[in-house]
K.L.:
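One structure follows; several queries about it will come next.
Every chain is numbered from 1 and lettered A, B, ... according to where its sequence line falls, protein lines coming before strand lines. Heavy-atom basis, side chains included; hydrogens, waters and symmetry copies ignored.
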Amino acid sequence: MNNETQLRERCREALELTKRHGADEVEIFAQMSHAISADIEKHDLQTSSSQEETMIGIRALVNQQVGFACTNVLDELETTCADAVNLAKASPKDENNVLSEPVPFESLPDLYDPKAESFSVSDAVQQMILMIETADSIDSRLILGGGTFAVNLQTRCIVNTRGIDLAENSSLFTYYALATAKDGAKVSNMAFHFDASHSVDGIDVVPVATRACQDALGSLGAVQGESFVGPVILSPSAVQAVLVNLFAFQLNAKNALRGSSRWGKALGETIAHPSLTVIDNGRMPGGVATESFDREGMPHCELTLIDSGVAAALMHNAYTAVAMNVANTSHSSGSARSTPGISPTNLSIRPGEASKDELIGDIKQGLLVNRFSGSSNPVSGDFSGVAKAAYLIKDGKLDRPVSGTLIAGNVFEALQNLSGMSSETERVFAATLPYLRLEGVSVTAE
Amino acid sequence: MQELLERIAARSSGWIELRFQGRSTKQIAVRNGELEESSSKRIQGIGVRALVDGVFGFASTTDLTEQGILRTVEAAQGAARTSASAKKQRIKGLAAASFGVGTFPVATDDPLDAHPLEEKLALVMRIDERVRRGSSSIVSSSASYAEIQDEKIIVTSDGARTHLFVSIPEFRVMAVAQKNGDQCFGNKSNSVAGGWSDLLELLPPEEMADYAVRMAVEQLTAPHPPGGLATVVLDPGLVGVLSHEAIGHTVEADIVLGGAITADKMNEKVASELITMIDSGGSEHLPHATGTLAVDDEGVVTRKTTLIENGVLRSYLHNRETAAHFGVEPTGNARAFEYSDAPIIRMRNTYIEPGDTSIEDLIAGVDDGYYMCGLGFGGQADSNAEFMFGVREARRIQNGKVGELVRGATLTGNAFDVLHSVDAVGSDFRWDLGAGTCGKSQAAKVDAGGPHLRCKAMIGGRQ
């Protein structure tokens with residue numbers, strides 16, 4: 001019996017058990033995973049590991065009261081089913097507690113590579129050795145302070161009393177490198193790069209290690225910067241740190257329902273410069289978060305969240321779609337360990353037409369921020385933090401690497417003052433992002 | 001289970017560690033008067049670490065049969081052998097340790113299971129409502145309760161025989177206030193190692209709710225601070241964050257070996273002589289600190305470790321591997337969050353010892369500066385001790401008096417520079433790391449705190 005069939009049978013068994021314990025409606029979401037990882041620390045191999053687990057999450061509805069319980073102790077499955085029902089009975093009624101209805105759709109190809117089944121701990125270790133060799137071949141001053149190569153083979157299954165009965169296999173290889181350069185007393189900022197592949201043939205750790213090493217070398221010898229209020233260019237990594245969490249929070253329909261999202265009340269209104277278009281696509285070929293269906297069994301789709309500066313759509317799951325009387329956008333997220341939440345999948349900002357160098361080219365005094373180490377408050381929009389691997393821009397050129405430079409501003413204001421985005425994009429975890437140029441950012445040199 | 005693990009460990013070739021963990025968690029979350037989550041989780045499994053040819057391998061399983069565990073031992077040994085051929089720095093041995101042999105129960109008179117779900121749900125609903133009714137400016141409220149209960153059995157082939165129980169409840173409150181389209185949030189969280197009444201008595205949820213409302217509402221009209229170097233009085237919450245996040249990680253021996261700023265500073269002056277910093281498995285000064293732990297996940301009895309003594313760096317935090325490397329005793333800092341995590345070096349309860357200055361005198365000595373309380377939104381620190389913390393509550397101090405709130409302040413700098421600049425240490429003490437979860441490739445429940453401190457630090461603000 002293959003994993004998919006085995007897991008489906010377990011889910012159907014749990015569904016019947018939960019009904020028998022008194023649930024009106026039941027959703028079973030399960031994940032069977034086999035994971036491998038190999039790590040680098042201090043430019044050397046560290047502990048490699050393997051892990052296997054089957055987790056079953058049970059959502060029980062009794063008179064629209066909801067309870068959730070999960071377990072990896074499959075011998076105690078019936079106890080967990082009963083727990084979910086008992087939690088539901090002790091909860092208040094909420095008429096928005098509903099389960100998704102089945103929708104016909106086509107499963108996505110290329111999520112699972114059968115060759116991944118024979119990918120071993122030894123193969124993962126070889127990829128880490130290749131990262132170290134790549135750094136050694138570039139410059140002897142480089143240290144890979146950290147890095148991981150992780151493999152996750154997973155079977156997801158969802159069964160509910162509305163008729164959803166789905167299962168899907170996936171394979172995902174993720175890898176990153178953290179590089180530092182050291183030259184005598186000079187130590188660079190830590191540089192980070194990441195990539196991922198669903199297939200064995202798509203794995204390529206060399207560009208990841210190379211980019212991290214080049215960024216680390218570039219920030220060696222950083223000196224004090226300058227204080228000013230002016231243009232700042234955020235790298236894709238810095239865009240992810242400053243903007244993506246705020247997008248995820250503000251465009252989450254649950255936060256709109258709670259009244260904690262200002263964009264939740266601004267659909268159809270201009271919230272950013274017309275050059276900004278933000279799209280989420282859970283079916284993006286090769287995307288880190290690409291899956292055929294969401295946490296509640298709805299097929300993923302492409303959704304424009306911000307269209308030429310206008311707030312175009314919120315992300316919904318079954319609960320918020322009913323509560324707000326709109327269509328479900330299939331953004332139910334989470335694992336079998338938790339109740340469904342709402343998150344973006346593969347979020348992207350539409351690139352511009354100018355190159356990164358052209359964005360720099362007409363700046364008299366500015367800052368290029370390759371990594372942002374700080375906070376970005378998704379409610380107030382205030383951001384403040386240290387510009388890492390940063391360069392002062394003078395008269396259209398990168399003048400010198402700078403350290404100890406703080407940037408601060410407000411995302412809502414900054415998005416109105418966008419003055420450019422690059423044609424180049426990079427993948428940062430599940431997001432695909434260009435360089436962004438913001439005006440009027442407060443820059444403070446220590 | 002312990003007998004089975006002992007039998008497997010005794011038969012094993014080479015060093016192995018077998019760690020069973022059974023974990024039960026419960027979570028209740030309410031937002032705007034509506035139940036958002038009522039859930040329970042039950043997981044169990046075994047993590048196996050093997051040392052082969054000077055290299056660790058790790059594997060985990062949920063198959064608790066003898067055959068299943070033996071397969072996992074083979075997987076861990078295989079992973080170690082795979083890495084051994086290419087690893088440059090081999091582990092030369094593990095330091096001898098004082099093992100925690102026996103059973104270590106939870107220290108509380110009021111176990112969590114003695115309180116039914118209905119009681120916990122009613123409290124969360126009541127606190128959420130208190131937030132909502134706290135001010136007409138509140139547009140969103142939330143309150144949540146979570147608990148973790150662990151049973152661990154740790155057996156090693158060289159003598160650890162630990163049966164450990166852990167109980168950690170936590171409470172969180174959040175408020176969002178709105179005015180003219182601008183929104184600000186206030187929050188407060190707390191956790192303890194202990195039982196139900198330990199959580200509620202140390203910091204009543206009603207106080208947490210009132211504080212969150214006050215912070216959210218006051219920030220709506222607060223100005224942003226100007227950036228720059230300033231004299232600041234830090235409360236025990238921020239002293240704890242500084243101790244844990246900006247200093248503590250730089251003295252974790254694995255980070256030290258990776259090139260942390262402390263690597264060549266042992267027995268050197270790294271802070272003002274007013275500073276003595278501790279990391280402990282105990283809960284000194286006040287009970288029930290969240291990181292309280294009798295035995296670590298290598299089965300080693302936890303110790304009170306003096307990291308900085310009167311400004312001089314005295315110790316790193318060790319597991320058995322790094323203790324052997326440095327030729328010292330293990331400090332009991334090896335921890336794993338779940339059975340599927342390999343133990344790594346983590347802090348427990350990290351704090352600065354109180355001094356002899358009253359809070360009033362600390363503040364009275366500031367002509368122009370800030371009183372800064374608690375970790376706000378976001379916080380990061382590097383192994384060179386450079387840090388950036390969002391501040392939950394920052395107020396101007398002018399002519400020795402605490403005044404207006406400022407909004408969106410951050411605290412940045414190098415933690416050792418900040419500790420060098422300390423010119424007065426308060427006589428008070430408080431554990432105050434909120435819900436106390438630290439992330440370092442896996443989670444760990446920790447605590448931190450101390451007295452108030454007066455020092456100099458960079459304030460991130462607006463030009």
K.L.:
Keeping the roles fixed (side chain from B:Ser40, backbone from A:Ala69), state whether a donor-acceptor pair exists under 3.5 Å.
P.N.:
no
K.L.:
Please rank A:Val125, A:Ile36, A:Val73 by heavy-atom pairs under 4.5 Å with chain B and give me the top one.
P.N.:
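Heavy-atom pair counts peak at A:Val73.
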K.L.:
I'd like to check B:Lys88 versus A:His43 (side-chain heavy atoms, cut-off strictly below 4.5 Å). Are they in contact?
P.N.:
yes
K.L.:
For A:Lys265, is the NZ atom crowded, meaning more than 12 foreign heavy atoms sit under 6.0 Å from it?
P.N.:
yes
K.L.:
Under 6.0 Å from the CD atom of B:Glu119, do we count more than 12 heavy atoms belonging to anything else shown?
P.N.:
yes
K.L.:
I need the minimum non-hydrogen distance between A:Gly259 and B:Val139, along with the two atoms involved.
P.N.:
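Taking every non-hydrogen atom into account, O-CG2, 3.4 Å.
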K.L.:
Could you please spell out the steps behind the side-chain contact (heavy atoms from CB on, under 4.5 Å) verdict for A:Val386 and B:Phe387?
P.N.:
CA-CA 9 Å; A:Val386 183; B:Phe387 69 90; over 6 Å; no
K.L.:
Report the option among A:Ser122, A:Gly404, A:Ala266, A:Ser260 that has the most heavy-atom pairs separated by less than 4.5 Å from atoms of chain B.
P.N.:
A:Ser260
K.L.:
Would you indicate whether the side-chain heavy atoms of B:Thr61 and A:Glu52 approach each other to under 4.5 Å?
P.N.:
yes
K.L.:
Picking from A:Ala90, A:Ser120, A:Ser373, A:Ser376, which has the most non-hydrogen pairs under 4.5 angstrom with chain B?
P.N.:
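Winner by heavy-atom pair count: A:Ser373.
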K.L.:
Mind checking what makes salt bridge (Lys or Arg N to Asp or Glu O under 4.0 Å) contact with A:Lys254, not counting sequence neighbours?
P.N.:
B:Glu36
K.L.:
Quick check for you: among B:Asp254, B:Thr72, B:Asn32, which has the greatest number of heavy-atom pairs under 4.5 Å with chain A?
P.N.:
B:Asn32
K.L.:
Between B:Glu37 and chain A, which part of the residue has a heavy atom less than 4.5 Å away: side chain, backbone, both or neither?
P.N.:
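For B:Glu37, the contact with chain A is made by the side chain alone.
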K.L.:
Pairing donors with acceptors under 3.5 angstrom, does anything connect the side chains of A:Glu53 and B:Tyr339?
P.N.:
yes
K.L.:
Under a 3.5 Å distance rule, please check whether A:Asp382 uses its side chain to pair with a backbone N or O of B:Gly408 as donor and acceptor.
P.N.:
no
K.L.:
Working to the nearest 0.5 Å, report the span between CG of A:Asp39 and OG of B:Ser441.
P.N.:
7.5 Å
K.L.:
Enter the distance from A:Leu74:CG to B:Thr62:OG1 here, rounded to the nearest 0.5 Å.
P.N.:
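Reported value, rounded in 0.5 Å steps: 6.5 Å.
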K.L.:
Before giving the answer on salt bridge (Lys or Arg N to Asp or Glu O under 4.0 Å), spell out for B:Lys440 and A:Glu41 the whole-Å C-alpha distance, their side-chain angles and the decisive distance to 0.1 Å.
P.N.:
CA-CA 13 Å; B:Lys440 179 184 168 186; A:Glu41 276 178 30; over 6 Å; no
K.L.:
What is the minimum heavy-atom distance between B:Leu121 and A:Ser91, and which atoms define it?
P.N.:
CD2-CA, 4.2 Å
K.L.:
Would you say NZ of A:Lys42 has more than 12 non-hydrogen atoms from neighbouring residues, nucleotides or ligands within 6.0 angstrom?
P.N.:
yes
K.L.:
Enter the distance from B:Thr410:OG1 to A:Leu406:CG here, rounded to the nearest 0.5 Å.
P.N.:
6.5 Å
K.L.:
Need one label for B:Val55: side chain, backbone, both or neither, based on atoms under 4.5 Å from any heavy atom in chain A.
P.N.:
neither
K.L.:
Pick from A:Met55, A:Met190, A:Lys388, A:Met128: which one has the most heavy-atom pairs with chain B under 4.5 Å?
P.N.:
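That would be A:Lys388.
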K.L.:
With salt bridge (charged side-chain N to carboxylate O under 4.0 Å, His left out) as the rule and sequence neighbours excluded, what pairs involving residues 65-88 of chain A come up?
P.N.:
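For residues 65-88 of chain A: A:Glu76-B:Arg42.
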K.L.:
Working to the nearest 0.5 angstrom, can you tell me the gap between B:Phe56 CZ and A:Gln46 CD?
P.N.:
10.5 Å
K.L.:
So what's closer than 4.5 Å to chain A heavy atoms on B:Ala76: side chain, backbone, both or neither?
P.N.:
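Contact with chain A is absent: no heavy atom of B:Ala76 under 4.5 Å.
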K.L.:
For B:Gln219, is it the side chain, the backbone, both or neither that has a heavy atom under 4.5 Å from a heavy atom of chain A?
P.N.:
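Contact with chain A is absent: no heavy atom of B:Gln219 under 4.5 Å.
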K.L.:
Between A:Gln51 and B:Ser60, which heavy-atom pair has the shortest distance, and what is it?
P.N.:
CG-OG, 3.2 Å
K.L.:
Counting only heavy atoms closer than 4.5 Å, note whether B:Asp182 contacts chain A via side chain, backbone, both or neither.
P.N.:
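It is both, since atoms from each part get that close.
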K.L.:
So for A:Thr339, is it side chain, backbone, both, or neither that comes closer than 4.5 Å to the heavy atoms of chain B?
P.N.:
both
K.L.:
Measure across B:Met125 and A:Pro92 and return the closest heavy-atom pair with its distance rounded to 0.1 Å.
P.N.:
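Scanning both residues completely, I find the closest heavy atoms to be CE-CG, 4.3 Å.
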K.L.:
Between A:Phe412 and chain B, which part of the residue has a heavy atom less than 4.5 Å away: side chain, backbone, both or neither?
P.N.:
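Contact with chain B involves no heavy atom of A:Phe412 at all.
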K.L.:
Does some side-chain heavy atom of B:Gln183 sit less than 4.5 Å from a side-chain heavy atom of A:Ser380?
P.N.:
no
K.L.:
A:Ile143 versus chain B, heavy atoms under 4.5 Å apart: side chain, backbone, both or neither?
P.N.:
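Neither; nothing under 4.5 Å.
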K.L.:
Decide yes or no for B:Lys26 and A:Leu87: does some side-chain heavy atom of the first lie under 4.5 Å from some side-chain heavy atom of the second?
P.N.:
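No, every pair of side-chain atoms sits at 4.5 Å or beyond.
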K.L.:
Heavy-atom distance under 4.5 Å to chain A: side chain of B:Glu386, backbone, both or neither?
P.N.:
side chain
K.L.:
Please look at B:Leu257 and chain A and tell me whether the side chain, the backbone, both or neither of the residue comes under 4.5 angstrom of a heavy atom of that chain.
P.N.:
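Contact with chain A is through both the backbone and side chain of B:Leu257.
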K.L.:
Under 6.0 Å from the CD atom of B:Glu338, do we count more than 12 heavy atoms belonging to anything else shown?
P.N.:
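Yes, because the 6.0 Å sphere around CD of B:Glu338 holds more than 12 heavy atoms from other groups.
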K.L.:
Distance from B:Ser38 atom OG to A:Lys89 atom NZ, nearest 0.5 Å?
P.N.:
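Those atoms lie 13.5 Å apart.
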K.L.:
Quick one: what part of B:Leu117 sits under 4.5 Å from any heavy atom of chain A, side chain, backbone, both or neither?
P.N.:
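B:Leu117 touches chain A through side-chain heavy atoms alone.
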K.L.:
So, A:Asp44 side chain and B:Lys87 main chain: donor-acceptor pair closer than 3.5 Å or not?
P.N.:
no
K.L.:
Tell me, do B:Ser140 and A:Val379 make a side-chain contact under 4.5 Å, heavy atoms counted?
P.N.:
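SC-SC contact between B:Ser140 and A:Val379 ruled out.
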K.L.:
Under 4.5 Å heavy-atom distance to chain A, tell me which part of B:Glu34 shows up: side chain, backbone, both or neither.
P.N.:
side chain
K.L.:
Working to the nearest 0.5 angstrom, can you tell me the gap between B:Lys41 NZ and A:Ser338 OG?
P.N.:
8.5 Å
K.L.:
Given 3.5 Å as the limit, does a donor-acceptor pair link the side chain of A:Asp94 with the main chain of B:Leu35, or not?
P.N.:
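Flag not set: sc A:Asp94 to bb B:Leu35 has no pair under 3.5 Å.
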